[in-house]
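Single-structure report; data block below.
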Amino acid sequence: MLRHEIRPGRAVAGLVMLTLAAGYAADAAGAWNAPWTFFAPVFLGGLGLAATVTWVSYRLRRRREARKAATEASAPQPAPGGSTMAP
């Protein structure tokens, strides 16, 4: 049983930040010589991708909930005060 909603946009943002941190660490250690202008587009592109993923997952979640509510509303309801057992 899930204890919380899955938030894929936050996962994408976290992966982008981990990638940037690894890039900075490799640059600081001298293992990779990257210009500082490399990191700005990666950061902005990653945030844009995370926002897009968040928007898509939000729309899918709302669509699924609306479909579920419509299905529940169209299901036959038992008679009020009536017994479910046959006489």
Side-chain angles (χ1 to χ4, degrees):
M1 184 165 136
L2 293 176
R3 295 181 183 248
H4 57 84
E5 293 180 15
I6 296 173
R7 304 279 180 137
R10 290 183 183 188
V12 169
L15 288 174
V16 168
M17 295 306 147
L18 284 174
T19 302
L20 286 173
Y24 274 119
D27 191 30
W32 184 39
N33 190 11
W36 68 270
T37 57
F38 170 77
F39 295 104
V42 172
F43 175 72
L44 294 175
L47 288 182
L49 178 64
T52 303
V53 169
T54 299
W55 179 76
V56 168
S57 67
Y58 169 76
R59 297 295 296 170
L60 288 174
R61 193 176 325 118
R62 292 233 2 215
R63 185 176 177 184
R64 188 180 320 124
E65 289 173 1
R67 190 178 311 143
K68 183 179 176 183
T71 303
E72 289 174 355
S74 66
Q77 301 293 325
S83 174
T84 58
M85 297 179 61

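We number each residue from 1, following the sequence as shown.
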Identify whether [X] and [Y] are in the same connected component of the hydrophobic contact network (ILVMFWY, side-chain heavy atoms under 4.5 Å).
X     : Y     : answer
Leu60 : Val53 : no
Met17 : Leu44 : yes
Trp32 : Leu20 : yes
Leu47 : Trp55 : no

Please find the pair of heavy atoms, one from [X] and one from [Y], that lie closest to each other, and give the distance.
X     : Y     : value
Asp27 : Asn33 : OD1-CA, 3.7 Å
Ala50 : Gly9  : CB-O, 3.5 Å
Val16 : Val42 : CG1-O, 4.0 Å

Q: May I ask you to decide if the ring planes of Tyr24 and Phe39 are parallel, tilted or perpendicular, using 30° and 60° as cut-offs?
A: parallel
Q: Evaluate whether atom CZ of Arg61 has more than 12 neighbouring non-hydrogen atoms of other residues, nucleotides or ligands under 6.0 angstrom away.
A: yes
